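See below for the structure under consideration.
Computed from heavy atoms alone, side chains included, the values below leave out hydrogens, waters and symmetry copies. Here is how names work: the chains are called A, B, and so on, in the same order as the sequence lines, proteins then strands, and each is numbered from 1. Keep in mind that this is a model prediction, so the values were computed, not measured.
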Protein chains: 2
Amino acid sequence: MGITSPRAELKRAELAGRLGCNLETIRYYEKIGLLPEPARTASGHRLYSNGDQVRLRFILRARSLGFSVEDVRSLLGINDGRPSCADVKALAEAHRGDIRKRIADLRQMDRRLGEIMAGCTGAETPDCALTDNLFEDR
Amino acid sequence: MGITSPRAELKRAELAGRLGCNLETIRYYEKIGLLPEPARTASGHRLYSNGDQVRLRFILRARSLGFSVEDVRSLLGINDGRPSCADVKALAEAHRGDIRKRIADLRQMDRRLGEIMAGCTGAETPDCALTDNLFEDR
DNA sequence: CTTGCCTCTGTACCGACTACAGAGCGTAAC
DNA sequence: GTTACGCTCTGTAGTCGGTACAGAGGCAAG
């Protein structure tokens, strides 16, 4: 058995440690219905199966690609049953559009900031091209 | 007097309309201390001076450049008195660094998404390269 | 005088977590 | 056996930057 091979029953902190997420995130995903309620020990401690681990990994990867929690819900088939490849593709294309818009917005911010800062001397005086620009009566 | 020339006393909705922000945003900035408490009519309605308008415009412009509310507080000299040009430059450079990191992160997301979607046929079947990839045991 | 729109206040909600308080459980050492 | 430590449980509050809404009151036109 390899070091990272799945084990049948993991506690919450073990699962979080393996997948590199915050401890509380797991409980949060359970609360909002992304993760099913796991098995419990007699005293009420959560026990995560290999399937739980696979599902959480899916969620974390989708989130790391920038999909929203609602998107993940759709990808998992929680809303309307398991989505077709066409559904997934549409969701992903829309998401990519969002990402590109956000990049464009940030690039514009960077460019504007660069323009305004061009006159910023960095002197120890209160006169500053940047603040002057923002106060300007345009 | 031009159409957009400043007028001494504006009501909240007039100010919001002129500067193109949400009505409630103004009250919010007052609450968190970015805007001072304005003058009031006898019955308690807010009246904004030309100076208030200049200050709000500064805040909105800074926010549109992506500065955080805390950054704006510093730029306005609310924290430690009016900042020097050197202070402003340092703040702006740090902020630009943040913007560029966010762009890099988004570009990586876009790239990864593109790679994964390459195998996505868009067929009406439940088999999908994207979801398969996220479920994969790696 | 009524109608309709403005303003006021406080509070709840958004997304996606994260943190913390206070209680209980599990186990290893002594 | 008991004590100490660390993990888990629950519910709730805080983060950021607003946005929305309820319920009350003001103000001007018709």
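- Counting atom types as modelled, Arg27(B) pairs a side-chain N or O with a base atom of dG10(C) as donor and acceptor under 3.5 Å.
- A sub-4.0 Å separation between OP1 or OP2 of dG17(D) and a side-chain N or O of Asn22(B) is absent.
- The nearest whole Å value for the distance from the CG atom in Leu23(B) to the P atom in dT7(C) is 6 Å.
- Proximity of Thr25(A) to the phosphate of dT18(C): a side-chain N or O atom is located under 4.0 Å from OP1 or OP2.
- The residue among Tyr29(A) and Thr41(A) whose nearest nucleotide of DNA chain C lies closer to the 5′ end is Tyr29(A).
- OP1 or OP2 of dT9(C) sits under 4.0 Å from a side-chain N or O of Arg40(B).
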Exercise for review: Show the numbers, then the answer: is there a side-chain contact (heavy atoms from CB on, under 4.5 Å) between Cys128(B) and Cys120(B)?
Suggested key: CA-CA 6 Å; Cys128(B) 181; Cys120(B) 201; 3.5 Å; yes
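- Atom-to-atom, CZ of Arg73(B) to P of dG18(D) comes out at 12 Å; the value is rounded to the nearest Å.
- Rounded to whole Å, atom C1' of dT8(D) lies 14 Å from atom CG of Leu15(A).
- Residue Ser43(A) places at least one side-chain N or O under 4.0 Å from the OP1 or OP2 atom of dG26(C).
- For Thr131(B) and Arg82(A), the side-chain atoms include no donor-acceptor pair closer than 3.5 Å.
- For Lys31(A) and dC17(C), the NZ to P distance is 13 Å, given to the nearest whole Å.
- Closest approach of Leu47(A) and Pro38(A) over heavy atoms only: O-CB, 3.6 Å.
- Arg73(A) and Glu70(A) are joined by a salt bridge, as a carboxylate oxygen and a charged side-chain nitrogen come within less than 4.0 angstrom of each other.
- Considering Val72(A), Val69(A), Ile26(A) as possible partners of Ile59(A), the one that fulfils the side chain to side chain contact (heavy atoms under 4.5 Å, CB included) test is Val72(A).
- In this structure, the CZ atom of Phe67(A) is 14 Å from the P atom of dC17(C), given to the nearest Å.
- As rounded to whole Å, 11 Å separates atom C1' of dT7(C) from atom OH of Tyr48(B).
- In this structure, Arg12(B) atom CZ and dC5(C) atom P are separated by 18 Å, rounded to whole Å.
- Contact check, Arg46(A) against dC9(D): a side-chain N or O comes under 4.0 Å of OP1 or OP2.
- When rounded to the nearest whole Å, the span between CD1 of Ile26(A) and C1' of dC17(C) equals 13 Å.
- Of the candidate nucleotides dT18(C), dT10(D), dT12(D), dT18(C) has the atom nearest to the side chain of Tyr28(A).
- If you check dT12(D), dT19(D), dG24(C) against the side chain of Glu24(B), the one that comes closest is dT19(D).
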